[in-house]
Peer 1: 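Dumping the structure here so I can ask a few things about it.
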Amino acid sequence: MRLGGYVIHGNNRDTLERCLASLSAVCDDVVALDSQSTDGSVELARKMGVRSVSRPWRGYGAARTAAMEALGSYDYVFYLDSDEHLEPEALQTLRDWRRSAPTAPAYRLPRRDWAELDGHRFLYRTEWRARLVRGEAAVWRPEMIVHEALPRMHAPRLHAPIEHRFATSLQGREEKEERYALLWAVRAFAEGRRLKPAALQRPAHLLRDCLVHGALWRGGLDALRLAWAVSIYHSSKYRHLGALKKGGFPELRRAFAEGRYEEVFAQVREQALPASTSAPSAK
């Protein structure tokens, strides 16, 4: 069985080495899809014996498509984000999986989201993601600018945890969630998605991460603050979708409809973000 691997990266040199080492440890070939980084990430990838391919940033769907084209034909494809890696036990599980003659269209692995806030490191949550996919099923489209999930398919669980450096600052995480929310809304508008009550989304997801996923028990008040920052995504995406349905963001709508995805990302970066609202403090 032939296993190909890839990662999409930008200026991620600080986490890229562990990611590439993990992929190289279990894959027959690895492609690093570079979105025109300037921090020496490309040189690092080449030094590690990984094939580096550079493309302008047009979103995750286009980047994954380009990575697959560079990779070529493989029985299965394994992909990581540039801030993810595998520990030795997970690597061994994947080696055992390769020898087991797998047949499922995809396999879901647990991704463990780690927070590192002012010296306090804790596990925020664990979510299962399809990261091992049969080559013919690993198909993405350019319009998948941020949420590039593959179609639903039979995907058994494989316990090979992916360690994810999820958050290193509350402000940085909240700003990222706001950008992702607007990108989601632009695509959702084009697809005719229905609105949901924006005001209900944030508290619902705050409770889910804190209580259902158990972040509060592991991270205490820092987990509560992080959950508040993360949950802005779920309210903002429907707030933005409502604005789009009322005629807002006309240039964004036009750029997406015409497939000018580079411009979509440039315009989203230029949008003024709302004032940060912090979770209740201990005071």
Side-chain angles (χ1 to χ4, degrees), residues 8 10 35 57-64 81-84 111 113 115 117 124-125 127 129 140-150 164-210 212-213 215 223-257 259-279:
I8 299 165
S35 57
W57 183 247
R58 304 182 71 241
Y60 287 96
R64 296 197 188 285
D81 291 343
S82 58
D83 52 4
E84 297 174 343
R111 187 181 71 173
D113 290 339
L117 303 175
Y124 178 65
R125 66 187 177 192
E127 297 181 319
R129 301 293 179 94
W140 289 270
R141 302 187 308 276
E143 62 267 27
M144 296 175 173
I145 53 176
V146 61
H147 280 278
E148 74 289 358
L150 293 166
H164 178 210
R165 191 183 187 189
F166 177 67
T168 56
S169 79
L170 296 178
Q171 181 179 352
R173 190 69 231 181
E174 187 168 315
E175 290 176 355
K176 188 173 184 177
E177 299 293 351
E178 272 286 0
R179 291 194 298 271
Y180 279 5
L182 181 51
L183 290 166
W184 178 93
V186 170
R187 181 183 171 193
F189 174 79
E191 295 175 346
R193 292 279 193 98
R194 293 182 178 181
L195 280 170
K196 291 183 180 180
L200 300 179
Q201 303 304 312
R202 195 169 195 183
H205 285 85
L206 173 74
L207 292 173
R208 184 198 66 175
D209 281 359
C210 281
V212 178
H213 287 177
L224 177 61
R225 293 191 181 109
L226 178 56
W228 186 248
V230 171
S231 63
I232 197 173
Y233 168 79
H234 300 282
S235 59
S236 292
K237 67 181 188 179
Y238 288 110
R239 177 169 51 83
H240 293 318
L241 181 56
L244 285 158
K245 288 181 178 290
K246 293 178 181 178
F249 305 108
E251 293 300 323
L252 266 177
R253 288 188 281 114
R254 190 175 302 114
F256 183 85
R260 294 183 280 116
Y261 302 122
E262 299 99 324
E263 294 183 29
V264 170
F265 279 88
Q267 290 183 38
V268 167
R269 284 193 296 269
E270 293 170 0
Q271 294 295 322
L273 295 170
S276 176
T277 53
S278 301

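Small disclaimer: the values here were computed from a predicted structure and weren't measured.
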Peer 1: What I want to find out is whether Arg202 reaches Asp209 closely enough, with some N-O distance under 4.0 Å, to be called a salt bridge.
Peer 2: no
Peer 1: I'd like to check the side chain to side chain donor-acceptor pair (under 3.5 Å) partners of Arg141; sequence neighbours left out, ordered by chain and number.
Peer 2: Glu143
Peer 1: Which residues pass the salt bridge (Lys or Arg N to Asp or Glu O under 4.0 Å) test with Arg254, sequence neighbours left out?
Peer 2: Glu251
Peer 1: Check the pair Arg225 / Glu174 against salt bridge (Lys or Arg N to Asp or Glu O under 4.0 Å), numbers first and verdict last.
Peer 2: CA-CA 10 Å; Arg225 293 191 181 109; Glu174 187 168 315; over 6 Å; no
Peer 1: If the condition is side-chain contact (heavy atoms from CB on, under 4.5 Å), which residues does Ala188 pass it with, not counting sequence neighbours?
Peer 2: Trp184, Arg193, Leu241
Peer 1: Which residues satisfy the side chain to side chain donor-acceptor pair (under 3.5 Å) test with Tyr60, sequence neighbours excluded?
Peer 2: Tyr180
Peer 1: What is the minimum heavy-atom distance between Gly61 and Trp140, and which atoms define it?
Peer 2: O-CB, 3.8 Å
Peer 1: Please confirm whether the backbone N or O of Leu252 pairs with a side-chain atom of Gln267, one donor and one acceptor, at under 3.5 Å?
Peer 2: yes
Peer 1: Just jot down the salt bridge (Lys or Arg N to Asp or Glu O under 4.0 Å) partners of Arg165, sequence neighbours excluded, or say none.
Peer 2: Asp14, Glu116
Peer 1: Could you state the interatomic distance from CD1 (Ile145) to CD (Glu262), rounded to the nearest 0.5 Å?
Peer 2: 12.0 Å
Peer 1: Could you work out, with side-chain contact (heavy atoms from CB on, under 4.5 Å) as the rule, every residue matching Ala181, not counting sequence neighbours?
Peer 2: Tyr233, Ser236, Lys237, His240
Peer 1: What residues form a salt bridge (Lys or Arg N to Asp or Glu O under 4.0 Å) with Arg253, not counting sequence neighbours?
Peer 2: none
Peer 1: Does a side-chain heavy-atom distance below 4.5 Å link Leu226 with Leu170?
Peer 2: yes
Peer 1: Using 0.5 Å steps for rounding, measure from the CZ atom of Arg173 to the CD atom of Gln171.
Peer 2: 13.5 Å
Peer 1: Taking ring pair (Phe, Tyr, Trp, His ring centres under 6.0 Å) as the criterion, tell me which of Tyr261, Phe189, Phe265 meets it with Phe256.
Peer 2: Tyr261
Peer 1: List the residues meeting salt bridge (Lys or Arg N to Asp or Glu O under 4.0 Å) with Glu127, not counting sequence neighbours, and say none if there are none.
Peer 2: Arg111, Arg125, Arg129
Peer 1: Please examine the side chains of Cys210 and Leu224, heavy atoms only from C-beta on, and report whether any two atoms are closer than 4.5 Å.
Peer 2: yes
Peer 1: What distance do Glu84 atom CD and Asp113 atom CG have between them, rounded to the nearest 0.5 Å?
Peer 2: 8.0 Å
Peer 1: Kindly give the heavy-atom pair with the smallest separation between Ala167 and Leu117, and that separation in Å.
Peer 2: O-CD2, 4.2 Å
Peer 1: Name all residues meeting the side chain to side chain donor-acceptor pair (under 3.5 Å) criterion together with His205; count only those two or more places apart in sequence or in a different chain, and write none if there are none.
Peer 2: His234
Peer 1: What are the two closest heavy atoms between Gly172 and Ser169, and how far apart are they?
Peer 2: N-OG, 2.9 Å
Peer 1: Taking ring pair (Phe, Tyr, Trp, His ring centres under 6.0 Å) as the test, write out the residues that go with Phe166, two or more places apart.
Peer 2: Tyr124, His164
Peer 1: Within this structure, what is the CZ-CG distance for the pair Arg187 and Leu244, rounded to the nearest 0.5 Å?
Peer 2: 14.5 Å
Peer 1: For Gln201, what residues pass the side chain to side chain donor-acceptor pair (under 3.5 Å) criterion, not counting sequence neighbours?
Peer 2: none
